S.K.: 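The structure follows.
Along the sequence shown, residues carry numbers from 1. From a predicted model like this one, the values you see are computed outputs, not experimental measurements.
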Amino acid sequence: EIRLMKLHPSQSNEVISCDLIHLSLEEASKLQYHALSYCWDDTNVPTIPGTCHPAILCNEYRKPVTLSLLLALARMRQSGCQYVWADQICINQSDNVEKEHQIALMHGIYTLASVVFVWLGEDTNTKSAARGIAMARKVAKSTEETQILTAPEKFLQMTSEVCAAYGIPDIKELPDYLEMMNLVRRPWFRRSWVVQEIALRPTRAVVHCG
């Protein structure tokens, strides 16, 4: 058995509220839920006035959350997501026995999700983030050297000849490479769980930033 959040539709400036429901994985899969992939670390997230102590309403009770989760849920609500699985809410973090049990179910949770909602965090310049994501797509389609996406320092060693060999644009000619490098330096790319969360549903992963 797992828990899902049922987000209540509301205005963007209203407190995020939800109901927490219990159901089996099979039952959950019929609800077309979104599994959230995000980083708990709020270090690189800009401070927003009024969110020093972020919280949501869960079953009408105040539930403290990290700022990163609050922003992710706000974007999910804005995108029309209704049923959501987010570990911070759907797993009792104070119960180690439950945590071990739920971690064992995460393979099924992400596999059966209709969408894996990837939240990279806020960005003050959404155009920069969009250029970085677009360049990452080009690189991913052009080469199997996936380390390029997760190790930005490799770009510093790339020459025009290497770029040509991989079939990607010349790094010296496209500043969008820098935007991509900034993008993949975000904490989400350093999470050990990313591989499981994305690899299980690669064609259903949707990336959001800013």
S.K.: Answer yes or no: is there a side-chain heavy-atom contact under 4.5 Å between Leu73 and Phe117?
M.R.: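 Side chain of Leu73 against side chain of Phe117, heavy atoms only: no contact under 4.5 Å found.
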
S.K.: Below 4.5 Å, heavy atoms only, C-beta onward: do Val115 and Gln32 meet side chain to side chain?
M.R.: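 Side-chain contact under 4.5 Å: no.
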
S.K.: Could I get the full list of side-chain hydrogen bond (donor to acceptor under 3.5 Å, both in side chains) partners for Gln102, not counting sequence neighbours?
M.R.: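 Listed in chain order: nothing, the list is empty.
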
S.K.: Taking only residues two or more places apart in sequence or in another chain, which ones pass ring-ring contact (aromatic ring centres under 6.0 Å, His included) with Tyr33?
M.R.: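 If we apply the ring-ring contact (aromatic ring centres under 6.0 Å, His included) test to Tyr33, skipping adjacent residues, there are no hits.
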
S.K.: Just to verify, what does Glu60 make a side-chain contact (heavy atoms from CB on, under 4.5 Å) with, not counting sequence neighbours?
M.R.: none

S.K.: Do Pro54 and Thr66 make a side-chain contact, defined as non-hydrogen atoms from C-beta onward lying under 4.5 Å apart?
M.R.: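 Answer no - side chains too far apart.
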
S.K.: Using a distance-only test with no angle check, is there a side-chain donor-acceptor pair under 3.5 angstrom linking Ser10 and Arg77?
M.R.: yes

S.K.: Does Gln78 have any side-chain hydrogen bond (donor to acceptor under 3.5 Å, both in side chains) partners at least two apart in sequence or in another chain, and if so, which?
M.R.: Arg75

S.K.: Per the salt bridge (Lys or Arg N to Asp or Glu O under 4.0 Å) rule, what does the pair list look like for residues 6-24, sequence neighbours excluded?
M.R.: none

S.K.: Does Ile21 have any side-chain contact (heavy atoms from CB on, under 4.5 Å) partners at least two apart in sequence or in another chain, and if so, which?
M.R.: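 Per chain and number, Ile21 pairs via side-chain contact (heavy atoms from CB on, under 4.5 Å) with Leu4, Leu23, Leu31, Tyr83.
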
S.K.: List in chain and number order the residues that pass side-chain contact (heavy atoms from CB on, under 4.5 Å) with Gln93, two or more places apart in sequence or in another chain; answer none if no residue qualifies.
M.R.: Trp40, Ile91, Lys99

S.K.: Name all residues meeting the side-chain hydrogen bond (donor to acceptor under 3.5 Å, both in side chains) criterion together with Glu98; count only those two or more places apart in sequence or in a different chain, and write none if there are none.
M.R.: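 Once residues adjacent in sequence are excluded, the partners of Glu98 under the side-chain hydrogen bond (donor to acceptor under 3.5 Å, both in side chains) criterion are Arg3.
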
S.K.: Please enumerate all residues that pass salt bridge (Lys or Arg N to Asp or Glu O under 4.0 Å) together with Glu27, with sequence neighbours excluded.
M.R.: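 Residues passing salt bridge (Lys or Arg N to Asp or Glu O under 4.0 Å) with Glu27: none at all.
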
S.K.: Main chain of Tyr61, side chain of Asn59: is a donor-acceptor contact present, judged purely on distance under 3.5 Å?
M.R.: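 Not at all, since once roles are kept as given, no pair shorter than 3.5 Å links the two residues.
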
S.K.: Within the distance-only criterion (no hydrogens, no angle test), does the side chain of Ser37 pair as donor or acceptor with the backbone N or O of Val118 below 3.5 angstrom?
M.R.: no

S.K.: What's in the same ILVMFWY side-chain cluster as Leu57, cut-off under 4.5 Å, chained through other members?
M.R.: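 Grouped by the 4.5 Å side-chain rule, Val15 form the rest of the cluster around Leu57.
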
S.K.: Please enumerate all residues that pass side-chain hydrogen bond (donor to acceptor under 3.5 Å, both in side chains) together with Trp85, with sequence neighbours excluded.
M.R.: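 For Trp85 there are no side-chain hydrogen bond (donor to acceptor under 3.5 Å, both in side chains) partners, ignoring immediate neighbours.
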
